[in-house]
**Student:** 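Dropping a structure here in structure tokens format, bear with me for questions.
Both ligands and their constituent atoms are indexed starting at 1 by order of listing.
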Amino acid sequence: MTGPERRRVSIFGATGSIGQNTVDLIKRDLDAYDVVALTGARNIRQLAADAIHLRAEVAVTADETLLADLRDALAGSGVQAAAGEAALLEAAERPADWIMSAIVGAAGLAPGFRALRHGTTLALANKESLVTAGPLLLAEAAAHGARILPVDSEHSAVFQSLVGEDIDTVERIIITASGGGLRDWPEQALSNATPEDAGAHPTWDMGQRITIDSASMFNKAMELIETKEFFGVPPSKIEAVIHPQSIVHALVGFNDGALMAHLGAPDMRHAIGYALHYPDRKHLPVARLGLAQIATLEFHAPSASRYPALKLARAVMETGGCAGCIFNAAKEVALDAFLARRIGFMDMAGIVEDTLDVMSSKCGLSNAPLTLEDVLHTDQIARDMAQGCIAARIEQKETN
Ligand code: NDP
């Protein structure tokens, strides 16, 4: 008699916050998996340690200058070392039953697309894939008989609430937001917030970029766009609500008035584990909620002036085309400028709006990219434009 078949799994962005939570789940049940590829960028020590522990076929760093370090760290382990963009794509081509897409930013796009070619299940944490290239990504999956499962906790919650339901009966999808690290700051103080202030999250433990995006609600803005792309519902049916406890992750309202809520502890291993075992449910090492201890669940409408990213997201959803790609590129560039202390916290939304305006007047926004290359090309132009908008804003501030 043979035991249950071992599943081949790869983790892209293994050294990050989502990646490490995924590694944790795999480590707990190592006999069930053959690990194909683990990838990272700068954290070579973690990448090598996990690749050895999980007995991966290959470990890839995106940073070619670190290949020698990776080779040294893997010496004698039998794990292959590779580096650079081509190596990431080669790793994505290696057949696997389940692939975690958890590289941060637009760099996660191409490996995800490549992985779909062999009809795998892609567990999608990388928000940028849906925001910049949602229709293309879904078409690629359909063309190759591949499956995409959402890993963002809100989208996993919506997905779980929709099991067995007809999407046409959905009246509204409500995703919740913690409000981020600056939630209780007076609005007029927000322009003075530093990356350290915005980088501390009240409920979730996440990577630095997404934590700052939570404080600005750019993260929620991305999630609104993701919801539209993934579930194919019109923007008018999608809303965000502030829920400081981060216990209810999303709600789905149906045409009979029922509102289904998904509750869980703020631990990404739930959404990752659900995607890992789907369509089954298996035991997961996440805290069980004590409702009596929680006692209160609060919900507030987000203020438009405090969170301008939400209004921008609505415009992007209504426009479609390449607006999501420009939005994401400008947001990434603006975040880099904020982290480098070149612009203030509230300037980030201004830069994204300026970039959308400039791109709209130069080439229009409604043309949808037809290929991944189109997406990457638009992404690059939008980044250059966003840099121009930042320079203009800094110059204007200096003259004033
Ligand atoms: P982290 O910053 O913690 O990790 C990012 C990962 O990507 C690391 O493995 C990093 O390597 C790698 N990486 C960085 N730059 C590159 C590059 N240019 N090419 C290839 N790999 C690169 O991010 P998170 O885990 O927080 O987020 C990952 C994705 O998941 C994001 O898209 C985020 O929006 C999304 N997400 C995250 C959630 C969370 O709870 N953290 C929740 C829902 C979605 P290294 O560290 O070695 O440099």
**Student:** What residue and atom, counting heavy atoms only, is the protein's closest point to atom 47 (O) of ligand 1, and at what distance?
**Tutor:**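 Among all protein heavy atoms, the one nearest atom 47 (O) of ligand 1 is Thr15 OG1, 2.7 Å.
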**Student:** Classify the contact between Lys127 and ligand 1 as side chain, backbone, both or neither, using a heavy-atom distance cut-off of under 4.0 Å.
**Tutor:**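 It is both backbone and side chain that touch ligand 1.
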**Student:** Would you name the heavy atoms of Gln20 and Ala14 that are closest together and state the gap between them?
**Tutor:**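 Gln20 and Ala14 have their closest heavy atoms at NE2-O, 2.9 Å.
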**Student:** Can you pull out the closest protein heavy atom to atom 48 (O) of ligand 1? Residue, atom name and distance to 0.1 Å, please.
**Tutor:**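 Checking every protein heavy atom, the shortest distance to atom 48 (O) of ligand 1 gives Arg42 N, 2.9 Å.
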**Student:** When only distance counts, is Ile210 in polar contact with ligand 1, meaning an N/O pair under 3.5 Å?
**Tutor:**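 Not met; the criterion fails.
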**Student:** Nearest 0.5 angstrom please: Ile326 CD1 to Thr132 OG1, how far?
**Tutor:**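 Ile326 atom CD1 to Thr132 atom OG1 measures 11.5 Å (nearest 0.5 Å).
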**Student:** What protein heavy atom sits nearest atom 41 (N) of ligand 1, and how far off is it?
**Tutor:**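 So the nearest neighbour among protein heavy atoms is Ser17 OG, 3.3 Å.
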**Student:** Relative to the heavy atoms of Gly40, which atoms of ligand 1 are at a distance of less than 4.0 Å?
**Tutor:**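 Near Gly40, the atoms of ligand 1 are 11 (O), 47 (O).
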**Student:** Considering heavy atoms of the protein only, find what lies nearest to atom 28 (C) of ligand 1 and give residue, atom and distance to 0.1 Å.
**Tutor:**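 The closest one turns out to be Ala102 O, 3.3 Å.
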**Student:** Measure Ala41 to ligand 1 on non-hydrogen atoms and call it side chain, backbone, both or neither using the 4.0 Å cut-off.
**Tutor:**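 For Ala41, backbone and side-chain atoms both sit under 4.0 Å from ligand 1.
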**Student:** Would you say ligand 1 has an N or O under 3.5 Å from any N or O of Ser153?
**Tutor:**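 There is no such contact.
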**Student:** Could you tell me which atoms of ligand 1, counted from 1 in the order shown, lie closer than 4.0 angstrom to a heavy atom of Asn126?
**Tutor:**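 It comes down to these atoms of ligand 1: 32 (O).
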**Student:** Where is the nearest protein heavy atom to atom 19 (N) of ligand 1: which residue, which atom, and how far?
**Tutor:**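 Result for atom 19 (N) of ligand 1: Ala62 CB, 3.3 Å.
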**Student:** Please determine which of His262, His277, His249, His283 meets the ring-ring contact (aromatic ring centres under 6.0 Å, His included) test together with His270.
**Tutor:**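 Answer to the ring-ring contact (aromatic ring centres under 6.0 Å, His included) test with His270 among His262, His277, His249, His283: His262.
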**Student:** Have Asn219 and Glu223 got a donor and an acceptor in their side chains that come within less than 3.5 Å?
**Tutor:**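 A donor-acceptor contact under 3.5 Å links the two side chains.
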**Student:** List the atom of Arg383, the atom of Ala329, and the distance in Å for their closest heavy-atom pair.
**Tutor:**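 In this case the closest contact between Arg383 and Ala329 is CG-CB, 4.0 Å.
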**Student:** Does one side chain, of Asp357 or Ser360, offer a donor that lies under 3.5 Å from an acceptor on the other?
**Tutor:**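 There is no such pair between these side chains.
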**Student:** Looking only at protein heavy atoms, identify the closest one to atom 32 (O) of ligand 1 and say how far it is in Å.
**Tutor:**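 Looking only at protein heavy atoms, the one closest to atom 32 (O) of ligand 1 is Glu128 OE1, 2.9 Å.
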**Student:** Establish, from distance only, whether the side-chain atoms of Thr227 and His155 form a donor-acceptor pair under 3.5 Å.
**Tutor:**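 Checked: Thr227/His155 side chains pair up, N/O donor to acceptor below 3.5 Å.
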**Student:** Given that the side chain starts at C-beta and the backbone is N, CA, C, O, which of these parts of Gln208 lies under 4.0 Å from ligand 1, counting heavy atoms, or is it both or neither?
**Tutor:**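 For Gln208, no heavy atom sits under 4.0 Å from ligand 1.
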**Student:** At what distance is the nearest protein heavy atom to atom 23 (O) of ligand 1, and which residue and atom is it?
**Tutor:**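 For atom 23 (O) of ligand 1, the nearest protein heavy atom comes out as Val104 CB, 4.0 Å.
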**Student:** When only distance counts, is Asn43 in polar contact with ligand 1, meaning an N/O pair under 3.5 Å?
**Tutor:**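 Yes: some nitrogen or oxygen of Asn43 is under 3.5 Å from one in ligand 1.
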**Student:** If you compare all heavy atoms of Ser101 against all heavy atoms of Leu122, which two are closest, and at what distance to 0.1 Å?
**Tutor:**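 What the structure gives for the nearest pair is CB-CD1, 4.0 Å.
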**Student:** Using a strict cut-off of 4.0 Å, indicate which atoms of ligand 1 neighbour a heavy atom of Ile18.
**Tutor:**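 Here the atoms of ligand 1 in question are 25 (O), 30 (O), 37 (C), 38 (C), 39 (C), 40 (O), 41 (N), 42 (C).
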**Student:** Just jot down the ligand 1 atoms closer than 4.0 angstrom to any heavy atom of Met268, in number order.
**Tutor:**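 Counting atoms of ligand 1 from 1, those under 4.0 Å from Met268 are 40 (O), 42 (C).
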**Student:** Could you tell me the residue and atom name of the protein heavy atom closest to atom 4 (O) of ligand 1, and the distance to it rounded to 0.1 Å?
**Tutor:**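 Residue, atom and distance for the closest contact: Gly16 CA, 3.1 Å.
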**Student:** In ligand 1, which numbered atoms sit nearer than 4.0 Å to a non-hydrogen atom of Asp152?
**Tutor:**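 Contacts of ligand 1 toward Asp152, numbered from 1: 42 (C), 43 (C), 44 (C).
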**Student:** Going by atom types alone, do Gln160 and Ser156 pair a side-chain donor with an acceptor below 3.5 Å?
**Tutor:**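 Short answer, yes.
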**Student:** How long is the gap from CG on Leu259 to CZ on Arg172, to the nearest 0.5 Å?
**Tutor:**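 Here the interatomic distance stands at 5.0 Å.
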**Student:** Give the contacting part of Ile103 toward ligand 1: side chain, backbone, both or neither, where contact means a heavy-atom distance below 4.0 Å.
**Tutor:**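 The answer is both, backbone and side chain.
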**Student:** Using heavy-atom distances only, which candidate in Gly84, Ser214, Ala125, Ala110 approaches atom 35 (C) of ligand 1 most closely?
**Tutor:**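 Answer by nearest heavy atom: Ala125.
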**Student:** Should Phe218 and Leu335 count as side-chain neighbours, where that means a heavy-atom distance under 4.5 Å?
**Tutor:**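 When only atoms from C-beta onward are counted, Leu335 and Phe218 do not touch, as no gap falls below 4.5 Å.
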**Student:** Testing the basics here: between Met222 and Lys331, what is the closest heavy-atom pair and its distance to 0.1 Å?
**Tutor:**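 For Met222 and Lys331, the tightest heavy-atom pair comes out as SD-CD, 4.2 Å.
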**Student:** Please say whether Gly207 places an N or O atom under 3.5 Å from an N or O atom belonging to ligand 1.
**Tutor:**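 In this structure, Gly207 places an N or O atom under 3.5 Å from an N or O of ligand 1.
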**Student:** Backbone or side chain, does any N or O of Ala107 fall under 3.5 Å from an N or O of ligand 1?
**Tutor:**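 Looking only at distances, the answer is no, because the N/O contact criterion of under 3.5 Å is not met.
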**Student:** Testing the 3.5 Å rule here: is there a donor-acceptor pair between the side chains of Gln396 and Asn400?
**Tutor:**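 No.
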**Student:** What distance separates Tyr278 OH from Asp280 CG, expressed to the nearest 0.5 Å?
**Tutor:**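 Rounded to the nearest 0.5 Å, the OH-CG separation comes out at 10.0 Å.
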